[in-house]
There are 4 protein chains.
Amino acid sequence: MTTSIEQDKVTDKRTVILQTTLQLLSERGFHNTPMSLIAEEAGVAAGTIYRYFDNKETLINELFLDLKREMLQHAMARIEPGDTTEEQFRKVWRNFFHYYVTHEDEMRFVEQHHNSPFQSGDVLAAVEEMYAPFANMFAVGVADGSFRELPMEMTSVYIYDVVLAFAKRQLSGKLKMTDELLEEAVQISWDAVKGT
Amino acid sequence: MTTSIEQDKVTDKRTVILQTTLQLLSERGFHNTPMSLIAEEAGVAAGTIYRYFDNKETLINELFLDLKREMLQHAMARIEPGDTTEEQFRKVWRNFFHYYVTHEDEMRFVEQHHNSPFQSGDVLAAVEEMYAPFANMFAVGVADGSFRELPMEMTSVYIYDVVLAFAKRQLSGKLKMTDELLEEAVQISWDAVKGT
Amino acid sequence: MTTSIEQDKVTDKRTVILQTTLQLLSERGFHNTPMSLIAEEAGVAAGTIYRYFDNKETLINELFLDLKREMLQHAMARIEPGDTTEEQFRKVWRNFFHYYVTHEDEMRFVEQHHNSPFQSGDVLAAVEEMYAPFANMFAVGVADGSFRELPMEMTSVYIYDVVLAFAKRQLSGKLKMTDELLEEAVQISWDAVKGT
Amino acid sequence: MTTSIEQDKVTDKRTVILQTTLQLLSERGFHNTPMSLIAEEAGVAAGTIYRYFDNKETLINELFLDLKREMLQHAMARIEPGDTTEEQFRKVWRNFFHYYVTHEDEMRFVEQHHNSPFQSGDVLAAVEEMYAPFANMFAVGVADGSFRELPMEMTSVYIYDVVLAFAKRQLSGKLKMTDELLEEAVQISWDAVKGT
DNA sequence: TATGAATGAGCGTTCATTCAT
DNA sequence: GATGAATGAACGCTCATTCAT
């Protein structure tokens with residue numbers, strides 16, 4: 001019989017493994033982080049990880065998808081039904097930036113994953129699905145003339161890659177994003193994609 | 001006596017190793033590519049690689065610096081003394097884009113390197129130096145009012161990260177950059193950074 | 001829960017590795033004995049050795065110190081508080097001889113170690129400490145006139161190197177040490193170092 | 001046609017290789033000295049060594065035999081027909097000591113060789129032969145009562161191993177052999193082996 | 001469920017030896 | 001003869017994974 005307390009224990013152990021993995025992998029890289037180290041830091045036996053994850057690749061991919069999910073939830077924070085497309089766009093921009101800047105480990109891990117052989121078809125498909133709310137926002141915005149008639153993949157550059165680039169510079173100390181600069185950057189992105 | 005043919009042989013072997021490394025590492029990642037595989041694909045014995053490179057890290061870093069150099073030379077192609085800052089900016093934008101789109105392996109390799117433990121202080125310093133012409137272009141542009149008074153690290157987002165993002169989408173097939181779209185993208189970047 | 005049987009298993013595996021190492025290294029030399037061979041002969045996997053010893057050097061040095069300890073304990077066997085310095089000297093002489101003659105592998109291993117790059121500062125310091133009882137015996141003997149006033153390093157030649165030389169000849173079959181010859185040899189050493 | 005100058009060149013190259021080998025091996029040990037390093041230090045190509053020596057083992061063994069020969073010649077220096085057995089014994093003792101103390105590399109190399117897997121049957125047999133003059137001295141000495149009736153292998157301990165032990169202590173700095181101490185040591189050895 | 005000792009394939013690297021020039 | 005680039009077997013060691021307890 002599984003009581004909810006036992007269930008919690010299980011959840012905890014899984015969560016601890018994931019958190020430890022995130023921290024270690026963002027600091028040390030995927031290939032410089034042995035499973036044995038993750039186990040040690042997580043306070044579990046090496047074999048225990050394999051009760052929750054099939055293998056190292058699965059562990060990494062599940063963590064990646066968890067983080068992507070979390071990241072996109074953050075991006076949609078405080079978006080309200082009545083918001084105009086422009087308001088939504090600006091909020092998402094700032095949300096992304098804020099998330100990255102306050103979640104360096106997550107950002108580093110996700111960026112490492114993007115440039116790695118772990119990016120399998122399954123993972124990419126799962127990520128694709130998560131972007132549905134954004135695809136929707138874009139579709140609505142194009143339909144009502146808020147966005148220019150550009151491919152969504154082009155618009156996304158200004159709300160995803162540009163934001164990421166700013167966040168990285170901020171974290172590395174190369175750039176100090178004041179509120180002013182931030183609003184300039186948001187404005188540039190909005191100008192890039194807004195309808196006429 | 002060293003004839004030019006013998007010289008060529010030496011150059012060839014080194015070059016073959018570098019090219020094989022580039023191809024394999026861009027496809028399989030740094031840590032999923034054993035030296036033995038590089039040797040096999042390059043058609044040399046495992047030990048031979050070590051005549052030309054001290055170790056795997058050195059091999060990867062020399063390749064990285066070679067590619068960075070090549071990439072930056074491409075970026076400056078057809079820039080002429082008389083060009084205005086705007087003309088220079090647009091040319092560099094298009095040059096970068098063209099280079100990435102036609103050098104997928106190079107791009108993937110360099111991007112992987114950016115998020116890797118191989119980025120040592122020495123390598124970073126060497127790269128820094130290579131960027132001098134761009135730093136200069138920016139300084140001149142700011143001085144004569146062609147560029148807005150923004151931190152260079154901010155301007156670079158629109159001529160480096162944005163271009164890279166477009167190139168990746170183009171290569172992945174998610175976006176088909178027509179000449180028109182390209183010019184729009186260039187225009188957006190220029191609007192983002194130009195002086196008033 | 002750790003039962004004593006489990007404990008024994010652990011001890012056994014470590015011990016088996018040490019014994020196998022002793023045998024192989026004394027026969028084949030340090031550099032002609034790969035870790036893989038030690039593993040094979042010990043009946044464990046190659047990686048298992050590294051659970052018990054950090055690396056080959058550590059394995060060899062720990063074995064060396066273990067053997068030195070054992071050897072010196074043998075040398076002090078049956079020495080009793082009431083023994084005169086002469087009795088002690090003679091007993092130690094015979095004990096050393098007996099130990100070497102009945103522990104050929106140990107002797108060869110230790111001799112190899114003495115002429116090897118494994119003799120690090122740490123090891124030498126540890127050995128130095130083990131010789132304290134002998135240094136003490138010598139100091140007392142000099143003080144009470146039992147030993148001549150010679151540097152200890154000179155006295156040690158007649159109780160260490162000479163014994164070793166005899167043991168080697170005995171083991172190689174070049175010399176058959178009868179009890180008579182043995183006592184002659186002891187007498188010669190004693191005459192060499194005794195006080196007047 | 002081989003002129004004597006060419007012959008000298010050949011001799012020189014062989015000699016240079018042997019000398020370089022001696023120096024490097026005594027300093028770095030047999031297995032920490034690659035053939036390529038010997039070649040480099042000797043100023044010849046790696047392949048050249050193989051014109052003079054079949055392989056590394058042969059090189060080492062030939063060097064060993066050369067040194068043994070040289071060492072034994074030194075040991076017999078200034079021995080004259082009219083010398084008594086005692087005079088001969090004392091001269092040889094001092095000669096050996098002097099040789100070791102002034103030829104540290106040679107001593108270290110030879111000692112390493114004694115405790116190594118290079119000691120093959122062939123080498124041992126060759127060494128055996130070299131000792132003939134000493135065997136003869138001993139036979140004569142026993143016959144005329146100068147030496148005790150002991151196995152030669154026992155006598156040799158006091159003129160070989162004991163001397164070596166003193167030389168090592170002197171070279172390591174543990175013992176400063178004054179002329180007085182030296183003569184005491186010689187006397188002890190002579191007392192050990194002289195007839196009644 | 002959880003453990004962690006044990007496994008062994010696989011890695012980066014070295015170096016004695018060969019052989020085309 | 002002499003060279004030194006090239007070879008490739010072999011080494012020390014790591015670590016993802018398994019499984020008896």
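Chain identifiers are assigned alphabetically (A, B, ...) following the order of the sequence lines, protein sequences preceding nucleic acid strands; residue numbering begins at 1 within each chain.
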Check the distance between [N]'s [atom2] and [X]'s [atom1] and give it to me in whole angstrom.
{"X": "A:Asn55", "N": "F:dT17", "atom1": "CG", "atom2": "P", "answer": "5 Å"}
{"X": "A:Tyr52", "N": "E:dT3", "atom1": "OH", "atom2": "P", "answer": "9 Å"}
{"X": "A:Ile17", "N": "E:dT3", "atom1": "CD1", "atom2": "C1'", "answer": "13 Å"}
{"X": "D:Asp54", "N": "E:dT17", "atom1": "CG", "atom2": "C1'", "answer": "12 Å"}
{"X": "D:Leu24", "N": "E:dC15", "atom1": "CG", "atom2": "C1'", "answer": "15 Å"}
{"X": "A:Ile49", "N": "F:dT18", "atom1": "CD1", "atom2": "C1'", "answer": "14 Å"}
{"X": "B:His31", "N": "F:dC15", "atom1": "NE2", "atom2": "C1'", "answer": "14 Å"}
{"X": "A:Phe30", "N": "F:dT14", "atom1": "CZ", "atom2": "P", "answer": "23 Å"}

**Study point:** E:dA5 phosphate, OP1 or OP2, under 4.0 Å from C:Lys13 side-chain N/O
**Key:**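 Indeed not, no polar side-chain atom of C:Lys13 lies that close.
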Review point. Just by modelled atom types, is the A:Leu171 backbone N or O under 3.5 Å from a matching donor or acceptor in the A:Glu104 side chain?
Key: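 No.
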Check your understanding: Quick one: does B:Glu70's side chain have a donor or acceptor within less than 3.5 Å of a partner on B:Glu106's backbone?
Key ->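 No: the side chain of B:Glu70 does not pair with the backbone of B:Glu106.
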**Study point:** Positive for salt bridge (Lys or Arg N to Asp or Glu O under 4.0 Å) with B:Glu62, one of B:Lys68, B:Arg69, B:Lys56, B:Arg14
**Key:**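 It is B:Arg14, the one option of B:Lys68, B:Arg69, B:Lys56, B:Arg14 that forms the salt bridge (Lys or Arg N to Asp or Glu O under 4.0 Å) with B:Glu62.
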Which nucleotide in the list [options] gets nearest to the side chain of [X]?
{"X": "A:Tyr50", "options": "E:dA2, F:dA16, E:dT13", "value": "F:dA16"}
{"X": "B:Thr48", "options": "F:dT7, F:dA9, F:dA2", "value": "F:dT7"}
{"X": "C:Ala46", "options": "E:dT17, F:dC13, E:dG12", "value": "F:dC13"}
{"X": "C:Arg51", "options": "F:dT17, F:dC13, E:dA5", "value": "E:dA5"}

**Study point:** Members of residues 32-45 of chain B that approach DNA chain F, where some heavy atom sits under 4.0 Å away
**Key:**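 DNA chain F contact set from residues 32-45 of chain B: B:Val44, B:Ala45.
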Check your understanding: Under a 4.5 Å cut-off applied to non-hydrogen side-chain atoms, are C:Leu18 and C:Phe53 in contact?
Key ->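 C:Leu18 reaches C:Phe53 side chain to side chain.
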Review point. Is the closest side-chain heavy-atom distance between D:Leu67 and D:His103 below 4.5 Å?
Key: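 They are not in side-chain contact.
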Point to revise | Distance-only donor-acceptor check, side chains D:His113 and D:Asn61, under 3.5 Å | key: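 Yes, because at least one side-chain N or O of D:His113 sits under 3.5 Å from a partner of the opposite role on D:Asn61.
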Point to revise | Polar side chain donor-acceptor pair, D:Thr58 to D:Asn55, under 3.5 angstrom | key: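 Yes, side-chain donor-acceptor contact under 3.5 Å.
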Point to revise | Ring centroid separation C:His114 to C:Phe64 under 6.0 Å | key: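 Centroid distance C:His114-C:Phe64: below 6.0 Å, so yes.
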Exercise for review: Report the residue (C:Gly47 or B:Lys56) whose heavy-atom-nearest nucleotide on DNA chain E is the more 5′ of the two.
Suggested key: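 The answer here is C:Gly47.
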Exercise for review: Report the C-alpha distance between B:Phe118 and B:Phe30 in whole Å, list the side-chain angles of each, state the deciding distance to 0.1 Å, and finish with yes or no for ring-ring contact (aromatic ring centres under 6.0 Å, His included).
Suggested key: CA-CA 10 Å; B:Phe118 293 97; B:Phe30 291 4; 5.3 Å; yes
Point to revise | Consecutive-pair stems (at least three Watson-Crick or G-U pairs, under 3.5 Å) that include DNA chain E | key: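 Stem list for DNA chain E: E:2-21 with F:2-21.
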